[in-house]
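Reading through the C-alpha cells given below for one structure.
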Number of protein chains: 2
Amino acid sequence: MNISQTESKSNRTRSRILHAAAKTFRQHGYASSSLREIADVAEMQAGSLYYHFESKDELAEAVMDAGVTQACQHAEAGVAALGDAANPLDCIAAAFRGHLNYLLQESDFAVATLRMLHQTPEAIRIRHTHKQRAFGRFYASLFERAQREGFIRPEFNLSALRMLLLGALNWSPEWFDDSGLSPDELVDQLNQMMQCGITPDKLAAFKNRDSARRRVQ
Amino acid sequence: MNISQTESKSNRTRSRILHAAAKTFRQHGYASSSLREIADVAEMQAGSLYYHFESKDELAEAVMDAGVTQACQHAEAGVAALGDAANPLDCIAAAFRGHLNYLLQESDFAVATLRMLHQTPEAIRIRHTHKQRAFGRFYASLFERAQREGFIRPEFNLSALRMLLLGALNWSPEWFDDSGLSPDELVDQLNQMMQCGITPDKLAAFKNRDSARRRVQ
DNA sequence: GTCTATAGGTTGATAGAC
DNA sequence: GTCTATCAACCTATAGAC
C-alpha cells in the first residue's frame with residue numbers, strides 16, 4: 001500500500017514535469033528552454049527536477065518518446081476502429097484522422113518532438129530516428145497494401161507519397177489555429193485531395209486536352 | 001573606385017558570414033548555434049562578426065529574410081517561365097517545381113528559416129510572419145485563380161489546401177536525402193497526387209496533362 | 001576590418017539542509 | 001522529495017590594440 005502510493009505520487013510528479021517540459025519545448029524548442037522555465041511551469045524549483053530526471057537530455061528524450069508513441073497510437077486506433085473489412089484507402093484516411101486529431105488538439109508532446117529534432121544532441125536524434133521509423137513502417141504497410149490491392153496507381157513511389165502526406169500533417173500545427181477549420185474538416189480536405197485530386201474530372205480533362213494541344217502545336 | 005571596391009569586399013565578407021550562419025542555423029537551430037561556431041565556419045573570430053552585424057538576432061533575421069525571399073523568387077520564376085497562356089494548374093505545378101528545387105538543392109537559408117521559427121525572440125518571429133505572408137499571398141492568388149476558372153472543385157477550402165501542400169513541401173528537406181528521388185521526380189509525384197489523386201480511375205486525365213507539362217519542364 | 005581579452009549574464013548540474 | 005545556494009562552463013556582446 002505504502003509503496004504503491006509512493007510510486008503513484010512520484011509518477012504523478014514525473015508526469016507533471018513531462019507535461020511542463022513538452023509545453024515549454026513546444027513553445028521555444030530545446031536549447032531555448034531552460035530547466036528553470038520548465039520547473040517554473042511545473043511549479044517547482046529547477047534543482048528538484050534532478051530527483052526525477054538525470055539530465056535535460058533525458059527529459060527531452062522522454063518527451064520525444066511520448067510524442068512518437070502517442071501519435072502512433074492515435075493513428076493505429078483510428079485504423080483499428082474501422083474493423084477488418086475496411087478498404088485500404090479508408091484505412092489510410094482513418095489513420096490520418098486519428099493522427100491529425102491528436103496532433104492538433106491534445107499534443108504538446110508530438111509538436112515539441114517535431115520542433116526539437118534538429119537541436120538535441122546527436123545521440124538523442126539518432127535514437128529517436130530509430131523509434132520514428134517504427135511509426136513510419138506502420139504507415140508504409142498501409143500504403144503498400146493499398147497499392148498491392150490496386151487502390152494506388154503503380155507508378156507512385158510509395159515512400160515519397162507517404163512522406164509528402166506526413167509532411168502535410170506534420171506542418172499543420174504551424175497554421176491550423178488560423179484556419180478556422182475543425183481537425184475533421186481538415187482531414188476531409190486532405191483525404192479528398194489524396195484520393196481524388198483537386199480537379200473536377202471532366203472539366204479538367206477537357207481543358208487539359210485543350211491546353212496540351214495548344215502547347216504542342 | 002576605392003569606395004566601390006571597399007563595398008564589394010565588405011559585401012563579400014557579409015555574404016560569407018550569412019552563408020556560414022545559414023549552414024550552422026540549419027544544422028543546429030538558432031539557440032544551439034553559437035557565434036563562435038558561425039565565425040569558425042566563416043573563418044573568422046567571433047568578435048569580428050560584430051563589425052558586420054549588430055547582434056546574433058540581426059544575423060538570424062537576415063538569414064530568415066533571405067530564406068523567404070529566395071524561396072519566393074524561385075517559385076515565381078517557375079511560373080514566369082511558363083508564359084501568359086499557361087493554365088492555372090500548370091502554374092501551381094511550376095511554382096512547386098521552382099520552390100522545391102530550391103528547397104532541396106540550394107538552400108541552407110530556407111531550411112534554416114523553417115527550423116529557426118520557434119526559437120528566435122518573438123519580435124523577430126512576428127516580423128518574419130508578416131514577410132512570410134507575402135509569399136503566402138502569391139500562392140493564394142494562384143489557387144484562387146484556379147478555383148475561379150473551374151480547375152479546382154468549389155468545395156475545397158483554398159487556404160487549407162494551400163497550407164497542406166506547402167506543408168508537404170516544407171517538410172521534404174527532413175527526408176528527401178534518403179528517398180533516392182530527384183527533386184523533379186518528387187514534384188511529379190506531388191503534382192500527380194494533387195491534380196488527379198492516387199487512385200487508378202483518374203490516371204487517363206493526368207496522362208493528358210503530362211505531355212503538356214513535360215514540354216515546359 | 002580583424003584580432004585578443006574579457007565583462008556580464010545565463011545555463012545545466014551538484015551539494016547539503018530540511 | 002523539494003528547497004536553497006552555488007559552481008564551472010558557456011554564451012553574447014564590448015573594448016581596445018593593430
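Throughout, protein chains are lettered first and strands after them, A, B, ... in sequence-line order, and every chain is numbered starting at 1. Since this is a predicted model, take the numbers as computed values, not measurements.
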*Which whole-number value in Å describes the distance from Arg14(A) CZ to dT2(D) C1'?*
17 Å
*Below 6.0 angstrom between ring centroids: does that apply to Phe109(A) and His19(A)?*
yes
*Measure the distance from OH on Tyr30(A) to P on dT11(C) and round it to the nearest whole Å.*
13 Å
*asked:* Can you list everything that forms a side chain to side chain donor-acceptor pair (under 3.5 Å) with Asp40(A)? Sequence neighbours excluded, please.
replied: none
*Given Glu61(A), which of Lys131(A), Lys56(A), Arg125(A) fulfils the salt bridge (Lys or Arg N to Asp or Glu O under 4.0 Å) condition?*
Lys131(A)
*asked:* Tell me which pairs pass salt bridge (Lys or Arg N to Asp or Glu O under 4.0 Å) where either residue lies in residues 13-35 of chain A, with sequence neighbours left out.
replied: Arg26(A)-Asp108(A)
*Roughly, in whole Å, what's the span from NE2 in His28(B) to C1' in dC11(D)?*
16 Å
*Residues in contact with DNA chain C, drawn from residues 45-55 of chain A - heavy-atom cutoff 4.0 Å*: Gly47(A), Tyr50(A), Ser55(A)
*What's the CG-P distance between Leu59(B) and dT12(D), to the nearest Å?*
10 Å
_Phe143(B) and Tyr139(B) aromatic ring geometry - parallel, tilted or perpendicular at 30°/60° bounds_ = tilted
*Under the side chain to side chain donor-acceptor pair (under 3.5 Å) test, which residues partner Glu37(A), sequence neighbours left out?*
His28(A)
*For residues His99(B) and Phe138(B), establish whether the separation of their ring centroids is below 6.0 Å.*
no
*asked:* Checking Asp184(A) now: which residues fulfil side chain to side chain donor-acceptor pair (under 3.5 Å) with it, not counting sequence neighbours?
replied: Arg97(A), Asn101(A)
_Nearest-Å distance for atom pair CZ/P, residues Arg12(A) and dG1(D)_ = 11 Å
*Let me know the distance between CG of Asp57(B) and C1' of dC11(D), rounded to the nearest Å.*
13 Å
*Can you sort out which residues in residues 33-40 of chain A have a heavy atom within less than 4.0 Å of DNA chain C? Ascending by number, please.*
Ser33(A), Ser34(A), Leu35(A), Arg36(A)
